[in-house]
Amino acid sequence: MVSDLVHGGMSVGKFGWKAQIRNLIQFAGDAYLNEMGNHQSAFQRLHDAPPSRALGRNNNVDAGEKVFNTIGCDSCHVATLRTGSSDIAALRQKTFHPYSDFPLHDMGSLGDGIVQGAASAREIRTAPLWGLRMVTRYLHDARATTLDQAVLARDRYKALDPKEKGKLLAFLNSL
């Protein structure tokens, strides 16, 4: 639970590596102020999410999505969420596909060793997978240079045969 500086009170943190920020307005304001020296912007608030499935559906992508779900990736990387109420009609009750649940998870040896807010040194927010096809470095600290390296940390991925791994990577590269 973190302070919601926009609406007041406490709420579930969803943004930042340690899920230490409640909403995008606060996240952008913090980044602009502390990292760029600017103030928040309506552009950031209303910027659309990257489209999923930009490369289209095909048999490998569809089969890879089934592998993704079968090995449990979807338990944290949730495909579809819905926004709540908002003063901005364009953001109110909208379905979106982040492939994340946004809470903190104990990442074991993949943790960054940094304690921030209520997050332990092993906890990291579930990274959204939308726009993954445009990423060139993976994991929260960019230590993996390929998707294969990034997901090799998961035992269920390691147990897949090469054909199934290929289908899963095809799906991930479609996001």
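With rounding to the nearest 0.5 Å, the separation of CG in L168 from SG in C73 is 6.0 Å. Annotation: the span from T83 atom OG1 to R92 atom CZ amounts to 9.0 Å, rounded to 0.5 Å. Between the CZ atom in R156 and the CD atom in E164 there is a gap of 15.0 Å [rounded to 0.5 Å]. From H7, atom NE2 reaches atom CG of D87 across 6.0 Å, with rounding to the nearest 0.5 Å. Considering CZ of R122 and CG of D106, their distance stands at 4.0 Å, rounded to 0.5 Å. Interatomic distance, D101 CG to S75 OG, rounded to the nearest 0.5 Å: 7.5 Å.
Closest heavy-atom contact between G64 and F171: C-CB, 3.5 Å. Shown here for L81 and S100, the closest heavy-atom pair between the two residues is CD1-O, 3.4 Å. In terms of heavy atoms, W130 sits closest to H97 at CE3-O, 3.5 Å. Heavy atoms only, all atoms of each residue included: N173 and R133 are closest at O-CB, 3.1 Å. The shortest non-hydrogen separation linking A121 to V115 is N-CG2, 3.8 Å.
For the pair K18 (side chain) and G13 (backbone), a donor-acceptor distance under 3.5 Å is absent. For R125 (side chain) and G16 (main-chain N/O), a donor-acceptor pair under 3.5 Å exists by modelled atom type. Remark: side-chain polar atoms of E123 are paired, donor with acceptor, to backbone N or O of S120 under 3.5 angstrom.
Residues Q116 and Q20 meet the side-chain proximity criterion, which asks for heavy atoms closer than 4.5 Å. Within the 4.5 Å cutoff, the side chain of R82 has heavy atoms near those of the Q93 side chain. Using a 4.5 Å cut-off on side-chain heavy atoms (C-beta onward), C76 and H105 make contact. For the pair I21 and K14, the minimum side-chain heavy-atom distance is 4.5 Å or more. Side-chain contact between S3 and M10 is present, with at least one heavy-atom pair separated by less than 4.5 Å. Put simply, the side chain of Y138 does not reach to within 4.5 Å of the side chain of T145, judged on heavy atoms. Side-chain atoms of D141 and D112, non-hydrogen and from C-beta on, never get closer than 4.5 Å to each other. Residues H77 and T126 form a side-chain contact, since some pair of their non-hydrogen atoms from C-beta on lies under 4.5 Å apart.
Both L175 and Y157 sit in one connected hydrophobic cluster of ILVMFWY residues. Membership requires side-chain heavy atoms under 4.5 Å apart, directly or through other members. In this structure, V61 is a member of the same hydrophobic cluster as L147, with clusters built from ILVMFWY side-chain heavy atoms closer than 4.5 Å. With hydrophobic clusters built from ILVMFWY side chains whose heavy atoms lie under 4.5 angstrom apart, L104 does not share a cluster with F27. Under the 4.5 Å side-chain heavy-atom criterion for grouping Ile, Leu, Val, Met, Phe, Trp and Tyr, V135 is connected to V151 within one hydrophobic cluster. A continuous path of ILVMFWY side-chain contacts below 4.5 Å connects I71 to L132, so both sit in one hydrophobic cluster.
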Would L172 and F68 satisfy side chain to side chain contact (heavy atoms under 4.5 Å, CB included), going step by step from the backbone distance to the final call?
CA-CA 9 Å; L172 293 173; F68 182 86; 4.0 Å; yes

Checking side chain to side chain contact (heavy atoms under 4.5 Å, CB included) for the pair Q26/D4: CA distance, chi angles, key distance, verdict?
CA-CA 8 Å; Q26 191 172 331; D4 185 337; 4.0 Å; yes

Could you go step by step and tell me if L110 and I124 meet the side chain to side chain contact (heavy atoms under 4.5 Å, CB included) rule?
CA-CA 9 Å; L110 290 177; I124 300 290; over 6 Å; no

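Environment of CG in D161: crowded, with over 12 heavy atoms of neighbouring residues, nucleotides or ligands closer than 6.0 Å. For K167, the NZ atom sits in a packed shell: over 12 heavy atoms of surrounding residues, nucleotides or ligands are nearer than 6.0 Å.
There is no side-chain donor-acceptor pair under 3.5 Å between D74 and Y99.
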